[in-house]
Amino acid sequence: MRIQSNLWGIRSPGERRAAWMVLLGAGLALLILWSAIAGILLRSRHSAIDAERRVLERMSSVVEEQTRNFFSVVDFFLISANRILDSQPIGNPHTDPDLLSLVKTLETQSGGRIGAHILTSDGTFHDLATANKQSIGNIANRDYFGAQSLRSAGGVYIGKPEESSFTGQMVLPIFHADPDARAARNFVVVASIDTQAINTLYESGRTKPSGSIGLVRRDGILLARAPHGESFIGKSIAGGGLWKESLPKAQRGWSILPNTVIDKTSRLTAYAAMDEYPLVVIASSSMDDVLAGWRKLLWGLLVSGTVLSCMTVLGARRLISLLKALAQTRAEVEKQARHDFLTGLPNRRAFHEQLEQEIKRAHRANQSISILFIDLDLFKEINDTLGHDIGDMLLQQAARRISGYVRESDSVARLGGDEFTVILHGVTDPHGVERIAQGILKTLAEPFVLRSETAYVSASIGVALYPQDGTTSEDLIMHADQAMYAAKKEGRNRWTYFAPSMQIRAQQRMRYLNDLHTALAERQFRLVYQPIIDLRSGLARKAEALIRWHHPQRGVISPAEFIPVLEDAGMIAEVGEWVFHEAARQAAEWRRTLHPDFQISINKSPMQFKKGSASANDWMQYLAQLGLPGESMAIEITEGLLLEPGEDVTIKLRHLSDAGMQISLDDFGTGYCSLMYLKRFDIDFIKIDRSFVSALTDGPDGVALCEAIIVMAHKLGLKVVAEGIETAAQRDLLVEMNCDFGQGFLFSRPLGPDEFARLTGQSFQPA
Ligand code: C2E
Ligand code: MG
Ligand code: MG
């Protein structure tokens with residue numbers, strides 16, 4: 001039972017099957033082992049018994065033969081004595097020479113162990129050996145004159161052992177009372193065998209210590225036995241199994257007697273009932289002796305069998321526990337494969353599987369599901385500014401907050417990065433969803449205490465409903481994602497339902513992205529150049545390179561539209577590289593053809609300063625290949641880059657200016673850049689944003705602002721470029737304010753390279 005419950009502890013079907021196989025194998029091994037042991041034991045027991053049986057049978061034959069001889073001697077004597085006495089009246093038998101010689105012969109042949117005497121029916125006893133004669137009273141009731149049943153074929157009677165009235169020894173009286181002659185006879189010749197003589201004979205025959213040889217009258221009266229003959233002689237063993245079962249079946253044979261009459265032990269017995277005399281010879285050995293060797297084997301095998309069994313059981317247990325450990329490891333690995341390491345939440349894979357299950361269940365039960373797609377706002381900034389460790393802590397806390405907010409039955413997962421999902425069961429009414437989405441937004445907006453830092457994040461949540469917004473997990477996730485994206489677009493820290501229009505927008509965006517992917521390869525990007533005029537000399541020695549996308553269907557597309565998409569899709573770096581190389585080539589050409597100091601500025605997106613993007617070194621190498629100094633290029637960056645600088649930004653900016661490239665701060669005044677920043681970084685130019693220039697002609701405030709910027713910049717040693725000069729009035733005011741450079745439609749729109757080259761031959765001197 002314990003093994004079974006352990007077994008069921010193994011959840012993986014593969015390991016469970018293997019564990020069952022181990023159990024089965026162990027069971028089979030035990031079965032084979034014990035069957036073999038049983039087989040060996042049975043066979044060896046059988047052969048031990050068989051060997052002893054053969055010995056006993058042979059022994060009983062030998063003893064039978066000896067006994068037969070013994071009795072033949074007696075028989076001969078009795079027949080001969082009877083014949084002599086029948087032929088003459090019994091006077092004094094001691095004087096009959098024939099009889100005396102017969103007695104002599106018997107004495108010699110038996111070594112004096114067989115006595116002979118004559119009893120007459122009047123009770124006179126004639127001992128033939130000693131010539132004693134005495135009256136022993138009426139003996140008509142003595143055995144010698146009855147016992148018909150004990151007569152052998154030859155007429156020999158074997159009496160019951162009795163104590164000799166002369167010697168006091170146990171003797172076996174044997175006589176020959178021919179029933180036909182008896183009526184006429186009034187005597188009986190008796191030979192009495194000293195039972196001790198037979199006992200001694202048998203004593204020398206037995207082999208094993210507890211072996212025995214016995215002589216039993218056919219009616220079961222024990223006549224002699226070695227050993228312990230004395231104590232049992234005259235007793236009946238007719239109640240034993242030999243008499244009851246074996247002898248009725250066969251005259252000779254063998255048997256295992258479980259409980260012998262004589263010594264109450266189990267004995268292997270061979271017996272032979274003699275044909276000539278009513279006697280049975282029995283040779284037996286105690287089963288303890290017979291099986292002594294076998295018992296040793298039995299114990300040996302039992303011990304080895306038990307040891308092997310224990311080893312098998314222990315081995316099987318060990319194997320099963322190994323399998324269990326394996327199953328647990330596998331379950332752990334599987335769990336890890338389905339869980340997000342950082343937050344412990346189910347991961348993307350587990351979420352997909354779970355959502356699929358939920359959809360099936362909802363489909364069957366005709367229920368609805370809501371999916372929340374949660375994305376933390378501006379989480380990247382936390383990572384960049386506070387480091388990944390702190391970012392990880394924030395994600396862990398955010399996971400806890402989301403899980404803590406929804407019900408136990410709802411499922412929260414982390415898809416990766418700062419994206420979380422929630423499956424809400426049975427909440428589809430607008431109020432329910434709104435309450436939960438608002439609640440999550442609120443809990444995430446609480447400050448995050450991360451070691452010594454306190455961070456604030458918000459989240460954007462997209463909601464998609466099953467079955468309204470999709471019937472497959474893919475559709476639902478995609479639509480919840482789109483809704484989240486819409487929430488971000490609408491200004492973040494909000495939630496929104498999926499609307500089919502989002503789907504259309506998403507598809508458009510996807511097509512747009514695909515088009516952008518091919519644009520670079522198919523050379524659909526071009527650069528146009530807008531001259532930057534030195535307002536004092538009117539000369540155009542600088543130009544800003546601006547990118548254009550010549551879309552095969554939509555015509556020329558403005559960078560204001562596609563640059564943010566490129567940034568969002570992570571494609572800006574690649575395009576930015578192309579811009580740099582293209583502009584550098586152009587600078588090299590115009591330095592040759594227009595002016596040796598000609599400088600082209602390019603716009604560099606903040607994303608291009610991220611880790612992994614090209615280094616200043618790569619750019620310098622390229623310029624060197626073209627034979628250009630660093631000053632041939634200027635880099636336009638925006639204020640935002642300076643506000644949240646990572647180490648990368650600072651280093652990359654420094655490398656660029658160290659290499660001689662100039663740095664322009666584009667769209668100045670639209671951000672929140674303080675003067676401090678201008679000094680901290682090596683900025684060469686600030687470009688006053690178009691909005692300030694267009695405000696110049698609106699009133700005194702506009703003029704004051706521009707003037708202040710110019711004065712301040714000059715004080716800091718920076719040159720000023722005014723962007724978006726569209727009118728001569730604006731230009732004149734800027735010249736008056738001592739602005740260094742101007743750029744705008746008044747001078748020129750951005751132009752293709754050829755047109756630019758043609759135009760810049762002229763001077764833009766103020767009119
Ligand atoms: P920006 O760097 O401030 O570029 C000046 C923008 O003002 C250009 O728009 C230019 O055509 C426009 N402009 C110039 N003079 C006038 C004027 O008198 N009046 C008016 N209304 N506009 C004028 P454009 O070419 O559409 O570029 C828009 C923005 O796209 C650029 O602003 C720049 O931030 C970005 N951009 C352009 N090319 C690239 C590029 O190659 N890489 C990156 N990262 N950004 C680029
Ligand atoms: Mg610019
Ligand atoms: Mg600008």
Side-chain angles (χ1 to χ4, degrees), residues 516 519-520 524-533 535 540 542-550 555-587 599-610 613-614 619 633-641 652 656 662-671 683-697 720-731 733-734 739 741-753 755-756 759 764:
L516 270 175
L520 201 61
Q524 291 169 9
F525 291 122
R526 309 268 165 77
L527 289 184
V528 289
Y529 300 88
Q530 190 177 31
I532 300 171
I533 313 298
L535 288 179
K542 297 181 192 296
E544 178 176 5
L546 295 158
I547 193 167
R548 297 288 178 267
W549 179 14
H550 291 252
V556 179
I557 300 177
S558 146
E561 179 186 314
F562 67 84
I563 291 283
V565 182
L566 282 175
E567 286 177 337
D568 206 39
M571 290 160 67
I572 189 66
E574 207 185 341
V575 176
E577 285 302 297
W578 176 83
V579 169
F580 168 74
H581 290 104
E582 186 66 20
R585 264 201 308 276
Q586 195 60 68
Q599 183 188 55
I600 295 182
S601 63
I602 56 165
N603 293 281
K604 194 169 175 183
S605 155
M607 309 281 281
Q608 288 176 264
F609 286 89
K610 287 268 147 71
S613 48
W619 285 13
M633 302 295 290
I635 311 296
E636 299 193 7
I637 57 167
T638 49
E639 288 169 281
L641 186 71
K652 278 189 177 157
L656 290 173
Q662 292 191 302
I663 310 289
S664 290
L665 192 58
D666 208 351
D667 305 337
F668 185 79
T670 55
I683 309 288
D684 302 290
F685 299 96
I686 57 172
K687 295 185 83 172
I688 303 178
D689 190 68
R690 202 167 61 225
S691 54
F692 295 98
V693 175
S694 68
L696 268 179
T697 42
V720 181
V721 183
E723 284 188 293
I725 305 175
E726 292 182 348
T727 63
Q730 289 165 350
R731 179 201 57 197
L733 277 169
L734 288 161
C739 182
F741 297 94
Q743 189 182 347
F745 294 167
L746 173 70
F747 307 109
S748 168
R749 289 183 172 269
L751 302 169
E755 213 183 337
F756 183 93
L759 201 84
F764 295 98

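Just so you know, ligand 1 is whichever comes first in the structure, and atom 1 is the first atom listed for that ligand. None of these values were measured; they are calculated from a predicted model.
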So for R548 against ligand 1, with non-hydrogen atoms under 4.0 Å, the contacting part is side chain
Quiz prompt | Contact check: I572 vs ligand 1, nitrogen or oxygen atoms, below 3.5 angstrom | solution = no
> Do any N/O atoms on R690 end up under 3.5 angstrom from N/O atoms on ligand 1?
Replying inline: yes
(Q) E544 vs K687, test: salt bridge (Lys or Arg N to Asp or Glu O under 4.0 Å). Steps then yes/no. (A) CA-CA 11 Å; E544 178 176 5; K687 295 185 83 172; 2.8 Å; yes
- Quick one: does Q608 get an N or O within less than 3.5 Å of an N or O on ligand 1? no
Contact region, V579 to ligand 1, non-hydrogen atoms below 4.0 Å, reads side chain
task = Give a yes/no verdict on a cation-pi contact between K652 and W619, requiring under 6.0 Å between NZ or CZ and the six-membered ring centre and an angle within 45° of the axis.
result = no
Check your understanding: Hey, mind stepping through S664 and D666 against side chain to side chain donor-acceptor pair (under 3.5 Å) and telling me if it holds?
Key -> CA-CA 6 Å; S664 290; D666 208 351; over 6 Å; no
Counting heavy atoms under 4.0 Å, the part of K687 that contacts ligand 1 is neither
Open item on the list: F745 versus ligand 1: do any nitrogen or oxygen atoms come within less than 3.5 Å of each other?
Closed with: yes
Going by the 4.0 angstrom heavy-atom rule, the piece of I725 near ligand 1 is backbone
So for D666 against ligand 1, with non-hydrogen atoms under 4.0 Å, the contacting part is side chain
**Request:** Kindly state whether the ring of F685 and the ring of F668 have centres lying under 6.0 angstrom apart.
**Result:** no
To the Mg ion (ligand 2), the closest N, O or S atom belonging to E544 is OE2
(Q) Any N/O/S atom, side chain or main chain, of N603 closer to the Mg ion (ligand 2) than 2.8 Å? (A) yes
Among the N/O/S atoms of D666, the Mg ion (ligand 2) lies closest to OD2
Note: Q530, heavy atoms under 4.0 Å from ligand 1, region reported as side chain
Practice task
Give a yes or no on whether the backbone of S748 and the side-chain of Q530 come within a donor-acceptor separation of less than 3.5 Å.
Solution key: yes
Check for me whether E636 has a heavy atom closer than 4.0 Å to any atom of ligand 1.
yes
Note: I563, heavy atoms under 4.0 Å from ligand 1, region reported as side chain
min-distance N/O/S atom, E636 vs the Mg ion (ligand 2), resolves to OE1
Candidates E723, K604, E726; heavy atom nearest atom 21 (N) of ligand 1 found on E726
